Amino acid sequence: MIKAILIFNNHGKPRLSKFYEHYSEDTEQQIIRETFHLVSKRDENVCNFLEGGMLIGGSENKLIYRHYATLYFVFCVDSSESGLGILDLIQVFVETLDKCFENVCELDLIFHVDKVHNILAEMVMGGMVLETNMNEIITQVDAQNKMEKSEAGIAGAPARAVSAVKNMNLPEMPRNINIGDISIKVPNLPSFK
Amino acid sequence: MALKIVKGSIDRMFDKNLQDLVRGIRNHKEDEAKYISTCIDEIKQELKQDNIAVKANAVCKLTYLQMLGYDVSWAAFNIVEVMSSSKFTYKRIGYLAASQCFHESTDVIMLTTNQIRKDLSSPNQYDTGVALTGLSCFVTPDLARDLANDIMTLMSHTKPYIRKKAVLIMYKVFLKYPESLRPAFPRLKEKLEDPDPGVQSAAVNVICELARRNPKNYLSLAPLFFKLMTSSTNNWVLIKIIKLFGALTPLEPRLGKKLIEPLTNLIHSVLSLFIVKYLGLLAMSKILKTHPKSVQSHKDLILQCLDDKDESIRLRALDLLYGMVSKKNLMEIVKKLMLHVDKAEGTTYRDELLTKIIDICSQRAYNCLWYISILVELTRLEGTRHGHLIASQMLDVAIRVKAIRAFAVAQMATLLDNAHLLTGNTQRNGICEVLYAAAWICGEFSEHLEEPMATLEAMLRPKVATLPGHIQAVYVQNAAKLFATVLRGQEGAPADSTVAQETSQLLIDRLPLFVQSSNLEVQERASCILQLVKYIQKLQQKDVEVAEEVTALFAGELNPVAPKAQKKVPVPEGLDLDVWINEPPSGSESEDEGRKSKGKAVFAKDESRHTKPRYTEVDEKELAKRREVRKAEQANNPFYIKASPSSQKVRRHSVSKPNPSPSFSLRLWMPMSDQYVKLEEERRERNKADKKKKKDKKKREKGEKGRRRRGDSGPESEEDITPAHMVDIVTEEMPENALPSDDDDKDPNDPHKALNIDLDNCPLMDYQVVVSVIFENKCDSFIKSMEFNVLDSLNSKLQRPDGAGPHDGLIVPFQLPPGISNEARFIFSVQNIVMPQKLKGTLTFIVKTDDSSTHEKLDFKLHFTCTSYLITTPCYSDAYSKLLESGDLKGCSLKLEGVNQPFHHLLARICFHHHFSVVERIDSCASMYSRSIQGHHMCLLVKTADQTVSIDAKCDEPGLLGNVLDEIKLTFSQC
């Protein structure tokens, strides 16, 4: 089971938090802070596993994380999950974000956390992995977005226009989380056939 | 109308949306909290409006604020409102917010049951999907119970998207409502072979989670999983299956052999350097459990990993070393670890290292001298949190191992003398906890002290007052014990009595410092003892010998008591604790009485510990007080130290005095443990030589002994190593007649315990049919106490609750006011599904009118058609053609004349009434598929031409096929 999924930037600012067990808001913030503290002090070239210990639920759990440009993607999982599997899942998650946002960058996550949640919901449900096939995920996400657009219909048009105007002067930030540069270090497991 | 909507939305577009909120927060970096609080006020206003779009927007913003740590549970009701919007856009926002902030104690969850049920059965698959996703995050036992059936139905939904979500969420439902596992399991098992890979993977996922906790119930699925493992191409599924086999193999050794080949293939393909080290260590720890020797040979490599810069790898290596320790290499490994303690950076890792060292030693150390010296060395660590752990280990060893006490006392005395080094700079330095143990050991076993006077002096230094209260309390109490020992020594000697009086004076001078302590415990003990010492001094001045009486205060030995001892005291026969033994108590006296008698039962040597009231009447009160103090101290002291597993292998040998070791005089900060390593080696050499000598003499005897030892020792040949000291390890006291039982260790709150359901011993479950009966009250009176009963046939039986007889009716769980209808579900188990059948039943109920109530009865028949045993199951055309090619199916055909309806209507009818699904349709020809609850495949080829419909059917059970075709015919004859 996945216990929690956290995304935060290099300064520890949360960009997405999804807890599959209930904690109070204060505890959640504390977990985010501690996780950031643990993960951020690690070198770039050490392994991506971290046995969390005190964090969520005790020593059975571990943290599996990847660092892309300005963002950390951290999954807290228990012993039933495979480390490699989760690393692969993070990669799928980021690639999916990249497809859905077209060259994803931190700003996309900042302003559209609801969309990120919707994408995540197609991959992980209640702490269990639902789908690992990127095409399938994107198909479902697109279909839902299309539905949303058709519901907005004519009434949504002015709101969209205003929103477009508001978005025109977003602060400039380096786009691209850079999934291309950091080559995928997780080997794809060959199939047995 | 349209204009109005557009106008409304133009008004709305100047509301803040999520992006505006985020932007606003980013622009108010200085006064973020203030800005957010004004935003929350705005949101509260928006939530008050009737427009659902405004509400949804507000809830969306709240979800973002929740991520930033703001409590938004106050908006729970609004979230439910947004969830129940008919628009998908808003519904999704509502469910997302709910999944982020609802939990079991959110009370509005009760209101959501019907909304969720409605969404689950929505024709729009994404409404259903969103509801399932949300539910997976906040499902409660009530929701699980109420919705289990709906979700189970969704597991056979035509859309794979819904199926996979429904399958996955079942695990959450099982956790909250374990009763649902048994009825849902057959369907879950069926989903392992679902044509859609996503559904398959979800089913594997769920079963793996279930099997991880209770593997033995899932052993029968092993062949199925093996097939999946060799056929699946989905890595995710493969990983899960391998994990599952990891849980199953210990239960079924034959599995191991079969698995080797596919697993080696997998391992060979993993070649990523930076993870491999970690995974390699992980794998080694698995291997260690079964083949310890093969891992032992890599010891040096593992020790090297302790130097890795990556903490995760260091911790893994540490874990591995912990498992590898044996009697032979214990000292060597611990020595290496001690080196690492010095070098280790970062307190987390160092603390982990420390606990591991203690863990290793506490379970395996047989050379206690060495262990104590290791513990003493560990006290050098500054800033560790584990002072308490070290202290408790010191106490544990000193109490259990009699032979070690002299040595331990000497070490502790040195510790006390150097206490200033431990307390050092700060109060929060955890290591000062060891002084607690040191003081207690020195006091309790003070007869072993070489220079009790010096230790007494050390314990009464003014600096002690800076220690934490509970440690000071132990200091004071044990100073009194020491005092008794010192007095005895001094009075025994022929020297003049002034020395003894000076000792008393020392206490009288120093104790007032503690009497002023702000800690109640310290204060109370100090003032008691101060008074006692003053009185003793008075006696001393009259030349009375008091040493013996003072020593008597602390007579009696403390034995460790097993942690479970209290629980295991058997209740004497005829004892009823609820009955008054005497009349209700008049005062506190009887309470005291009760406590004493309890004490006697548990602590066998209790009486001997109390002082004989030899003292004069003046002291009567003080002694009583002191007794209380002592009792209080007992409650805090190592009496209750938890047993370490070493007590399991107690060896009882005759006591022999430990050789007074030269290290007694060593300075504290020199690592002494090294010396013991050397001593140990020498001793082993000697032992070997001795043995050789004795060999001829005691050949027969030794042979016998050796064999016995080998039987109970670990994987290594340890018969060469004898314990360093003939040790009398004190066993824990247990009450007489204690019953052996180990089951009290399990956690009763583990949710997975409830899921430990044997799924194989229930052969009927494959053939269950749920009958949903709608009761409608058409009369004008109130109907209650309905009882539903069916006359079971050999083939079909109504499932009744456990303990009910075969003819008992089932109570319908509701009452019906006039004109109301409600639905109840009953489960039937069916053996044979080939024939349709009718069951006779009766419904009894009470009709209640204003003035009377009458008992009435209604007879009915339940018709189980063969169609009702079919489940709509999708099938891919290639699987379908394979099925037809296989030749296992037998054919049958049917012709319907004069059917005057479009072809797609006709197909829809067959799908709806007879639970088929269309595999492929070409013009006026279609292939259809369905499956029975017992797994029979049924294929139809439907063709139409000129109002004639011909159906060619194939099935592996001809009887069933014939009956289904008859039923299809009947359907069309009725239209």
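Because the structure is a prediction, the values reported are computed rather than measured. Chain letters run A, B, ... following the sequence lines, proteins first, then strands; residues in each count from 1.
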Fill in: Region of A:S24 that comes under 4.5 Å of a non-hydrogen atom in chain B
neither
Worksheet entry | Which atoms of A:D78 approach chain B - backbone, side chain, both or neither, heavy atom under 4.5 Å | side chain
Response to the item:
Looking only at B:V167, B:N205, B:L244, the option with the highest number of non-hydrogen pairs under 4.5 Å against chain A is B:N205
Worksheet item: Strictly by modelled atom types, are B:S136 and B:T133 linked by a side-chain donor-acceptor pair under 3.5 Å?
Response: no
Fill in: chain A interface, residue from B:V22, B:V206, B:I93, B:L21 that has the most non-hydrogen pairs under 4.5 Å
B:V22
Worksheet item: Just checking, any donor-acceptor pair under 3.5 angstrom between side chains of A:Q91 and A:E95?
Response: yes
Worksheet entry | Over 12 non-hydrogen atoms of neighbours within 6.0 angstrom of NZ in A:K146 | no
Response to the item:
So, the part of B:F88 with a heavy atom under 4.5 Å from chain A: the answer is both
Discussion item. Under 4.5 Å from any heavy atom of chain A, what part of B:S73 do you find: side chain, backbone, both or neither?
Written reply: neither
Discussion item. Under a 3.5 Å threshold, yes or no: a donor from one side chain and an acceptor from the other, between A:Q140 and A:Q144?
Written reply: no
Worksheet item: Side chain, backbone, both or neither: which part of B:F138 has an atom under 4.5 Å from a heavy atom of chain A?
Response: neither
Worksheet item: Do you know the tightest heavy-atom contact between A:G12 and A:F36?
Response: N-CE1, 3.3 Å
Worksheet item: Quick one: what part of B:K165 sits under 4.5 Å from any heavy atom of chain A, side chain, backbone, both or neither?
Response: both
Worksheet item: Under 3.5 Å, side chain of B:Q66 to main-chain N/O of B:V72, donor-acceptor pair present?
Response: no
Fill in: chain B contact via A:V129 - side chain, backbone, both or neither, heavy atoms under 4.5 Å
both
Worksheet item: Backbone N or O of B:N17 within a donor-acceptor pair of the B:D20 side chain at under 3.5 Å?
Response: yes
Practice prompt. Among the options B:V139, B:L96, B:I169, pick out the one with the most heavy-atom pairs lying under 4.5 Å from chain A.
Written response: B:L96
Worksheet item: Do the two ring centres, one from A:F75 and one from A:Y65, sit under 6.0 Å apart?
Response: no
Worksheet entry | Winner by heavy-atom pair count (cut-off under 4.5 Å) against chain B, out of A:G85, A:S82, A:S80, A:G126 | A:S80
Worksheet item: Between B:T63 and chain A, which part of the residue has a heavy atom less than 4.5 Å away: side chain, backbone, both or neither?
Response: neither
Worksheet item: Which bit of A:E81 comes within less than 4.5 Å of chain B, counting heavy atoms only: side chain, backbone, both or neither?
Response: both
Item to complete: Please flag which part of A:E148 lies under 4.5 Å from any non-hydrogen atom of chain B: side chain, backbone, both or neither.
Response: both
Worksheet item: Which atoms of B:K172 come close to chain A, meaning under 4.5 Å heavy atom to heavy atom: side chain ones, backbone ones, both, or neither?
Response: side chain
Worksheet item: Between B:P197, B:C60, B:G69, which shows the greatest number of heavy-atom pairs under 4.5 Å with chain A?
Response: B:G69
Worksheet item: Looking just at side-chain N and O atoms, do B:S105 and B:H103 make a donor-acceptor pair shorter than 3.5 Å?
Response: yes
Worksheet item: Based on non-hydrogen pairs under 4.5 Å, which of A:N118, A:V113, A:D43 is most in contact with chain B?
Response: A:N118
Worksheet entry | Closest heavy-atom pair and its distance - A:I110, B:Y64 | O-CE1, 4.2 Å
Discussion item. If we count only N and O atoms by modelled type, under 3.5 Å, do the side chains of B:S99 and A:K18 hold a donor and an acceptor together?
Written reply: yes
Discussion item. Assess, by modelled atom type and distance only, whether the side chains of A:N10 and A:H67 contain a donor and an acceptor separated by less than 3.5 Å.
Written reply: yes
Worksheet item: Which atoms of A:E28 come close to chain B, meaning under 4.5 Å heavy atom to heavy atom: side chain ones, backbone ones, both, or neither?
Response: side chain
Worksheet entry | chain B contact via A:S17 - which portion, at a heavy-atom distance below 4.5 Å | both
Practice prompt. Measure distances from B:L168 to the heavy atoms of chain A and classify the residue's part below 4.5 Å as side chain, backbone, both or neither.
Written response: both
Item to complete: Pick one of side chain, backbone, both or neither for A:I86, based on which atoms fall under 4.5 Å of a heavy atom in chain B.
Response: both
Worksheet item: Side chain, backbone, both or neither: which part of A:E122 has an atom under 4.5 Å from a heavy atom of chain B?
Response: side chain
Discussion item. With no hydrogens and no angle check, just 3.5 Å: does a side-chain donor-acceptor pair link A:E106 and A:N9?
Written reply: yes
